[in-house]
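First the structure, in the form of structure tokens, and then the observations on it.
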Amino acid sequence: MAKAKTSKVLPHDLVLRERVGSVAWLTLNRPEASNALSRALVAALRAELAALAAQTDVTAIVLTGAGGKAFCAGADLKERLGMTLDETRAFLDDLGALVQALEDFPAPVIAAIAGAALGGGLELALAADFRLADNSASLGLSEVQLGIIPGAGGTQRLARLCGIAVAKELILTGRRIDAATAGRLGLVSRVVRAAELKPAVAALCAELGAGGPLALAQAKRAIDSGFGQPMPEALAIERRGYEAVLGSADRNEGLRAFAEKRPPRFRGK
Ligand code: COA
């Protein structure tokens, strides 16, 4: 299938967006500040996600950073210097809402990590469904070294993803780890050479694109909502997800396509 490619790039855009077929690539675009999360960048990302959530033809989102040297260096510490405590609280609320919107996004979200993913930058990536890194990546929740703690879900999501021992080791030391170590710990699912990051992400997107969009959304929700629940409740969540796809046109199309020995054409309905 031919891939439609559209992009819109203005020099001052904080978030670059590009559609490659049904995949939306969002690029944090403050390379001069290591793509640090200013208030404006958080607001811009939230707006982009809200707009994408309204588009039913998006089968995956890729989040990445401009410039190649940093995925995202966390909260903008220079901006933070001039903020009151209440402004900082408001920022944490906004960043938390952004991270939650990523986690709740119905289609799979992939973080493509080159360079530094630190503090809030890693917390963004932790809310993604997949993390792929190139071998320049450096990852850490280094907040304690600034006298603070992760404030956008890092203590919880890292512990759920890699276990409590790994979370304590990384968060309490603030240690930055390289891509290979992150791969060993399961913090990233794949480590590739720099030139291979984009193709590897595109290949994953193509794989994901073969699934029914409703099925992907329900499977993602079932895994996320069921995890940590007692098994009977977790299985009930899975069953509710199954019910949601049971009457769908996509489910009928999947069965028909199997019988007719052809690839299915899902419409997300
Ligand atoms: N907030 C604001 N600006 C940041 C930033 C942040 N979190 N992280 C980096 N920058 C800025 C630097 O100040 C520098 O700007 P300048 O040229 O105006 O001084 C620019 O990004 C490039 O950073 P630099 O350190 O020169 O590049 P580098 O490639 O050697 O290192 C990092 C990049 C991200 C590894 C390094 O800057 C760093 O460790 N930043 C702090 C990350 C951090 O502690 N984040 C918060 C965790 S809670």
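Small disclaimer: the values here were computed from a predicted structure and weren't measured. When a ligand or atom number is given, it counts from 1 through the structure's own listing order.
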Minimum-distance protein heavy atom relative to atom 48 (S) of ligand 1: Glu143 CG, 3.3 Å
Residue Glu32 vicinity, atoms of ligand 1 by number, heavy atom under 4.0 Å: 15 (O), 20 (C), 21 (O)
Atom 15 (O) of ligand 1 within contact range, any protein heavy atom under 4.0 Å: yes
Protein contact to atom 9 (C) of ligand 1 [nearest heavy atom, distance to 0.1 Å]: Ser34 OG, 3.3 Å
Atom 21 (O) of ligand 1 touched by protein (heavy atom, under 4.0 Å): yes
Proximity flag Glu79 to ligand 1, non-hydrogen atoms under 4.0 Å: no
Atom 29 (O) of ligand 1 protein-contacted, heavy-atom criterion under 4.0 angstrom: yes
Shortest protein heavy-atom distance from atom 7 (N) of ligand 1, along with the residue and atom involved: Ala75 O, 2.9 Å
From the candidates Lys78, Arg80, Lys69, the one that places a heavy atom nearest atom 18 (O) of ligand 1: Lys78
Within-cutoff protein neighbour (heavy atom, under 4.0 Å) for atom 39 (O) of ligand 1: yes
Atom 24 (P) of ligand 1 protein-contacted, heavy-atom criterion under 4.0 angstrom: no
Under-4.0 Å heavy-atom contact between protein and atom 45 (N) of ligand 1: yes
Exercise check, heavy-atom protein proximity under 4.0 Å to atom 32 (C) of ligand 1: no
Distance flag for atom 36 (C) of ligand 1, protein heavy atom under 4.0 Å: no
Part of Ala36 within contact of ligand 1 (heavy atoms, under 4.0 Å): side chain
Heavy atom of the protein closest to atom 47 (C) of ligand 1 (residue, atom name, distance): Ser142 OG, 3.6 Å
Heavy-atom nearest neighbour in the protein, as seen from atom 2 (C) of ligand 1, with distance rounded to 0.1 Å: Asp76 OD1, 3.4 Å
